[in-house]
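To start, the structure under review is shown below, and the notes come after it.
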Amino acid sequence: QVQLVESGGGLVMTGGSLRLSCAASGRTVSFYPMGWFRQAPGKEREFVAAINWNGDSTFYADSVKGRFTISRDSAKNTVYVQMNSLKPSDTAVYYCAERYRGQGYHTTDQYDYWGQGTKVTVSS
């Protein structure tokens with residue numbers, strides 16, 4: 001079974017940047033799509049970005065398109081999301097997830113394994 005551990009969250013001012021990492025252990029995630037989701041207080045978990053197994057295809061929520069970039073390093077068994085031009089509306093706990101089976105990239109039920117999350121706070 002895979003374990004996913006997110007890191008890189010923190011407090012940043014509006015317009016700042018953060019890079020979140022999702023390190024996998026237990027087995028390789030190199031052959032599986034990976035996604036990032038976020039959950040703000042009182043809201044449902046929402047899709048942020050996803051990447052296919054070899055990195056050739058990426059997908060983004062409209063709210064982050066042009067500001068966030070998802071990538072993966074198979075040698076490190078790690079997935080990243082670079083977040084630029086951050087806004088207070090980006091404040092949330094960010095989760096990475098692995099789609100071990102099935103299809104699709106955009107909904108929580110399409111993913112099988114989840115990390116515990118890392119908190120991102122963007123101050124105005």
Side-chain angles (χ1 to χ4, degrees):
Q1 181 149 341
V2 69
Q3 292 80 44
L4 303 174
V5 178
E6 302 94 336
S7 62
L11 175 63
V12 64
M13 295 185 64
T14 296
S17 298
L18 285 174
R19 188 177 80 154
L20 306 184
S21 300
C22 172
S25 62
R27 61 164 170 79
T28 182
V29 295
S30 299
F31 304 117
Y32 305 100
M34 300 290 292
W36 284 95
F37 288 74
R38 66 186 181 188
Q39 188 166 17
K43 294 188 176 182
E44 293 188 353
R45 195 170 297 189
E46 65 175 6
F47 171 76
V48 174
I51 189 166
N52 74 332
W53 72 275
N54 64 359
D56 283 354
S57 295
T58 56
F59 309 87
Y60 297 95
D62 288 343
S63 59
V64 308
K65 202 170 293 184
R67 301 187 297 122
F68 289 14
T69 303
I70 189 171
S71 62
R72 66 191 306 161
D73 185 334
S74 296
K76 295 182 178 180
N77 216 24
T78 299
V79 179
Y80 307 94
V81 61
Q82 176 68 41
M83 307 188 299
N84 298 329
S85 302
L86 283 162
K87 308 173 182 179
S89 56
D90 294 317
T91 295
V93 177
Y94 283 72
Y95 300 88
C96 72
E98 181 200 38
R99 196 192 82 198
Y100 187 67
R101 59 183 65 84
Q103 296 181 359
Y105 293 92
H106 295 83
T107 61
T108 57
D109 60 356
Q110 292 167 332
Y111 292 81
D112 303 285
Y113 297 99
W114 293 83
Q116 294 300 305
T118 185
K119 187 174 183 180
V120 171
T121 303
V122 184
S123 65
S124 56

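Sequence positions, counted from 1, serve as the residue numbers for this chain. The analysis underlying the following values was restricted to heavy atoms, covering all of them including side chains, and did not include hydrogens, waters or symmetry mates.
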Between atom [atom1] of [X] and atom [atom2] of [Y], what is the distance when rounded to the nearest 0.5 Å?
X   : Y   : atom1 : atom2 : value
E6  : C22 : CD    : SG    : 5.5 Å
S30 : N77 : OG    : CG    : 5.0 Å
S21 : K76 : OG    : NZ    : 9.0 Å
S7  : R19 : OG    : CZ    : 9.0 Å

Point to revise | Heavy atoms from other residues, nucleotides or ligands near CD of Q116 exceed 12 (cutoff 6.0 Å) | key: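 No, CD of Q116 has 12 or fewer neighbouring heavy atoms, counting only those of other groups under 6.0 Å.
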Exercise for review: Evaluate whether atom CH2 of W53 has more than 12 neighbouring non-hydrogen atoms of other residues, nucleotides or ligands under 6.0 angstrom away.
Suggested key: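 No, the 6.0 Å shell around CH2 holds no more than 12 heavy atoms from other groups.
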Is a donor on one side and an acceptor on the other found under 3.5 Å between the side chain of [X] and the backbone of [Y]?
X   : Y    : value
T14 : S123 : yes
N52 : S57  : yes
E46 : E44  : no

Practice item. Quick one: do Q82 and S71 satisfy side-chain contact (heavy atoms from CB on, under 4.5 Å)? Show the steps, please. Key: CA-CA 8 Å; Q82 176 68 41; S71 62; over 6 Å; no
Practice item. Give the intermediate values and the outcome of ring pair (Phe, Tyr, Trp, His ring centres under 6.0 Å) for residues Y95 and F37. Key: CA-CA 5 Å; Y95 300 88; F37 288 74; 8.9 Å; no
Quick one: are [X] and [Y] in side-chain contact, heavy atoms under 4.5 Å?
X    : Y    : result
T108 : W114 : yes
F47  : T107 : no
E98  : R27  : yes
L86  : F68  : yes
V120 : L18  : yes

In this structure, would [X] and [Y] fall into the same cluster of hydrophobic residues linked by side-chain contacts under 4.5 Å?
X    : Y    : result
V122 : V64  : yes
Y113 : I51  : yes
L4   : Y100 : yes

Review point. Can the ring centroids of F59 and Y105 be said to lie less than 6.0 angstrom from one another?
Key: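 Yes - the distance between ring centres of F59 and Y105 falls below the 6.0 Å cut-off.
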Practice item. Take V48 and Y94 through the side-chain contact (heavy atoms from CB on, under 4.5 Å) test and state the conclusion after the steps. Key: CA-CA 9 Å; V48 174; Y94 283 72; 4.2 Å; yes
Point to revise | Stepwise side-chain contact (heavy atoms from CB on, under 4.5 Å) check, I70 with Y60 | key: CA-CA 9 Å; I70 189 171; Y60 297 95; 3.4 Å; yes
Review point. Looking at T118, V93, D90, L20, which hits side chain to side chain contact (heavy atoms under 4.5 Å, CB included) with R38?
Key: D90
Exercise for review: Return the minimal non-hydrogen interatomic distance between M34 and R72, and the atom names on each side.
Suggested key: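 Shortest heavy-atom contact: CG-NH2, 3.6 Å.
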Point to revise | Where P88 and S124 come nearest, the two heavy atoms and their spacing | key: CG-CB, 3.9 Å
Point to revise | Verdict with supporting geometry, R99 and D112, salt bridge (charged side-chain N to carboxylate O under 4.0 Å, His left out) | key: CA-CA 5 Å; R99 196 192 82 198; D112 303 285; over 6 Å; no
Point to revise | Side-chain donor-acceptor contact under 3.5 Å, D73 with T78 | key: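 No, because no side-chain N or O of D73 sits under 3.5 Å from a partner of the opposite role on T78.
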Exercise for review: May I have the step-by-step check of side-chain contact (heavy atoms from CB on, under 4.5 Å) for C96 and V79, ending in yes or no?
Suggested key: CA-CA 8 Å; C96 72; V79 179; 5.9 Å; no
